[in-house]
Amino acid sequence: MTANGITGVREHAPTLTLDEAHAHVASVALHDAPVGTVGLELEGHLVDLDSPATRVPWPHVLAAVQRVPRLPGGSRVTLEPGGQVELSGPPERDAVAAVGALRQDEAVLRAALAGDRLGWALLGADPARPPERVHPGGRYVAMEEHFTATGQGRAGLVMMTSTCAVQLNLQAGRPHQHAARVRQAYRLGPVLVALSACSAWLDGGPTGWRSARQRAWSALDPRRCGPVPTDGDVSAAWATYALRAPVLLVREGDGRAELPVRRGVPFASWVTGQVPLGGRRPTRSDLDYHLTTLFPPTRLRGFLELRYLDAVPSRWWPGLVGLVSALMDDPVAADAAAEAAEPVAGAWVTAARVGLADPALRRAVGRCAEAAAAAAPDPLRADVEAWAELALAGRAPGDDVDRRAARAGALAVLEEESRA
């Protein structure tokens, strides 16, 4: 057993140099594609309607998902470590088409789950049930072991099993737009964390944070989950970030075994042979897989993957998608939002902790929401205007969830949202 918890040390010729690894990551960071296409991913907590206080056992999760029919909007159904169910829609021509397709798929998914006496609660964090992994997959077992061994056990388990998001995947634009697009996604981050915060309760009680989901992410190793620097060449910055990030697991036997790395070993140290994980140097396949274990607020995957939005109830997520896509993709709204958000661009923790109670964030959120409402396409305008109306009053949909939990209890909220 090595110091990293990986057995079977063997000598192999190196397959990557640091320069090759850096160049490869930079080359795949951002693709040349016109702005406009939108992809959506929506996560929800799976709830047993007859026993909402307990997590759904894994065999029941699998059986229920296997009975979901082919979805009309083309979404894939995938499963997260705590049994959360995710809808991942295909790229659509714009936000209107993406929302329309995912709304159809949500309705079909809910109906299918209801046939198994299951519900789907769209909340940033599970307000009632303790964090618990039910997915037996090797990747998730290794993740849990890595987080535990590196002193991140509680935050890692919460992140994996008790949180849900609505994720937007947006094109990077033409090469001359890449840097500005990445900077805009990060500049807007604290504003959108404050606005979307819908996870004040966790494990049966209030956390004292507006976004317990973001609190969990902020407690994890910033080399894996912190913001990517956006000064200068953003593709090169992403490559540097990736090589500094610790290796989470090593795959062996054609990927059939996934062995956790039990201390913080930067990928660069594996490349150079300073730490020979699994008894070998990494391949390009190892590097590509490593990129899937990095979780910054915005991840560069050829496109921009905005990961910092809490899941919000069904009534609200379409408007949130319309708002965010307008602030990113509409030139007039984006310029207004950039000016409004700049003073709070680094306020990630404040946004997650107090949200719109912070005066500077409240001002920025109100101005951004107004700009988005003015730019929203007609089919989404009413939904975006509803967000703007709340924001200008210093409120957000998460406030209502918080009040209901305080009045009726976290479990009642979880059950109610699962029946939406």
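Excluded from the calculations below are hydrogen atoms, water molecules and symmetry mates; all remaining heavy atoms, backbone and side chain alike, are included.
When all heavy atoms of L195 and P397 are compared, the pair lying nearest together is O-CD, 4.4 Å. Counting all heavy atoms, side chain and backbone alike, A337 lies closest to Q184 at CB-NE2, 4.1 Å. Here the shortest heavy-atom pairing between V365 and A391 reads CG1-CB, 3.7 Å. Closest approach of A197 to R210, counting heavy atoms only: CB-O, 3.6 Å. P69 approaches V108 most closely through the heavy-atom pair CG-CG1, 3.7 Å. Taking all atoms of both residues into account, the shortest heavy-atom contact from T207 to S199 is OG1-O, 4.3 Å.
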Without placing hydrogens or testing angles, list every side-chain donor-acceptor pair under 3.5 Å for residues 354-364, not counting sequence neighbours.
from	atom 1	to	atom 2	distance (Å)
D358	OD2	A360	N	3.2
D358	OD2	L361	N	2.9
R362	NH2	A393	O	3.4

Could you pull out every donor-acceptor pair under 3.5 Å between side chains of residues 25-32 and any protein atom, sequence neighbours left out?
from	atom 1	to	atom 2	distance (Å)
S27	OG	A23	O	3.4
S27	OG	H24	O	2.7
D32	OD1	R174	NH1	2.9

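More than 12 heavy atoms of other shown residues, nucleotides or ligands fall within 6.0 angstrom of atom CZ in R315. Annotation for R76: atom CZ does not count as buried by contact number, only 12 or fewer foreign heavy atoms lying within 6.0 Å. Surrounding CD of E339 are at most 12 heavy atoms belonging to other residues, nucleotides or ligands under 6.0 Å away.
A donor-acceptor distance shorter than 3.5 angstrom exists from the side chain of T293 to the backbone of H290, with no hydrogens or angles considered. Between the side chain of R55 and the main chain of G82, a donor-acceptor pair closer than 3.5 Å is present. Distance alone, capped at 3.5 Å, places no donor-acceptor pair between the T148 side chain and the E145 backbone. With hydrogens and angles ignored, the 3.5 Å screen pairs no side-chain donor or acceptor of E385 with any backbone N or O of L380. Here the side chain of D105 pairs a donor or acceptor atom with the backbone of G73 at under 3.5 angstrom.
Using modelled atom types and a 3.5 Å distance limit, the side chains of E86 and T78 yield a donor-acceptor pair. A donor atom on one side chain and an acceptor atom on the other are found under 3.5 Å apart for R251 and S285. With 3.5 Å as the limit, one finds no donor-acceptor pair spanning the side chains of T37 and E92. Side-chain atoms of E106 and W317 form a donor-acceptor pair, as typed in the model, at a separation below 3.5 Å.
For Y308 and W348, the ring centers are positioned less than 6.0 Å apart. Aromatic pair H135/W58: centroids less than 6.0 angstrom apart.
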Passes side chain to side chain contact (heavy atoms under 4.5 Å, CB included), V56 versus L118? Steps please.
CA-CA 9 Å; V56 183; L118 297 174; 3.9 Å; yes
Apply side chain to side chain contact (heavy atoms under 4.5 Å, CB included) to residues R224 and L248 and explain how you reach the verdict.
CA-CA 9 Å; R224 183 186 311 283; L248 192 150; 3.7 Å; yes
One pair to check against side chain to side chain contact (heavy atoms under 4.5 Å, CB included): L300 and L304. What are the steps and the verdict?
CA-CA 5 Å; L300 308 189; L304 309 182; 3.8 Å; yes
Verdict with supporting geometry, T283 and D286, side chain to side chain donor-acceptor pair (under 3.5 Å)
CA-CA 5 Å; T283 65; D286 292 314; 3.1 Å; yes
Which is it for R93 and D329 under the salt bridge (Lys or Arg N to Asp or Glu O under 4.0 Å) test, yes or no, and what are the steps along the way?
CA-CA 12 Å; R93 66 182 181 278; D329 290 354; over 6 Å; no
Steps toward side chain to side chain donor-acceptor pair (under 3.5 Å) verdict (D310, S196):
CA-CA 6 Å; D310 276 11; S196 71; 5.0 Å; no
Begin with the C-alpha distance, continue with both residues' side-chain angles, and end with the deciding distance and a verdict on side chain to side chain contact (heavy atoms under 4.5 Å, CB included) for V47 and R129.
CA-CA 10 Å; V47 179; R129 300 175 299 187; 4.2 Å; yes
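For the pair D221 and F147, the minimum side-chain heavy-atom distance is 4.5 Å or more. A 4.5 Å side-chain heavy-atom check between P296 and L294 finds at least one atom pair inside the cut-off. Taking 4.5 Å as the limit, every side-chain heavy atom of V38 sits out of range of all side-chain heavy atoms of Q171. Looking at heavy atoms from C-beta onward, P246 lies out of side-chain contact with V261 at the 4.5 angstrom threshold. Inter-residue side-chain proximity for E41 and V166 is flagged as unmet; no heavy-atom pair is nearer than 4.5 Å. Counting heavy atoms from C-beta on, the side chains of F303 and L170 never come closer than 4.5 Å. Side-chain contact between V247 and L277 is present, with heavy atoms from C-beta onward closer than 4.5 Å. Within the 4.5 Å cutoff, side-chain heavy atoms of L49 are placed close to those of R419.
Ion pairing between a basic and an acidic side chain is recognised when a charged N comes within 4.0 Å of a carboxylate O; D399 and R404 show no such pairing. Using a cutoff of 4.0 Å between basic side-chain nitrogens and carboxylate oxygens, D335 and R187 are not scored as salt-bridged. Between D48 and R117 there is no salt bridge, since no side-chain nitrogen of the basic residue lies less than 4.0 Å from a carboxylate oxygen of the acidic one.
The line from CZ of R353 to CH2 of W209 is 4.0 Å long, rounded to the nearest 0.5 Å. We find the OG1-NE2 distance between T150 and H146 to be 4.0 Å, quoted to the nearest 0.5 Å. To the nearest 0.5 Å, atom CG of residue L18 and atom CH2 of residue W270 are 13.5 Å apart. The line from CZ of R139 to CG of L249 is 7.0 Å long, rounded to the nearest 0.5 Å. In this structure, SG on C198 lies 5.5 Å from CG on L123, to the nearest 0.5 angstrom. Within the model, atoms NE2 of H45 and OG of S418 stand 11.0 Å from one another, a figure rounded to the nearest 0.5 Å.
Y241 and W238 have parallel rings, their planes meeting at less than 30° on a 0 to 90° scale where 60° marks the start of perpendicular. Ring-plane geometry between F295 and W217 is classed as tilted, the angle between the planes lying from 30 to 60 degrees on a 0 to 90 degree scale.
Cation-pi check for R133 over Y140 is not met; the charged atom does not lie both under 6.0 angstrom from the ring centroid and within 45 degrees of its normal.
Results of the side chain to side chain contact (heavy atoms under 4.5 Å, CB included) test with R213 over V158, T163, D126 single out T163 as the only residue that passes.
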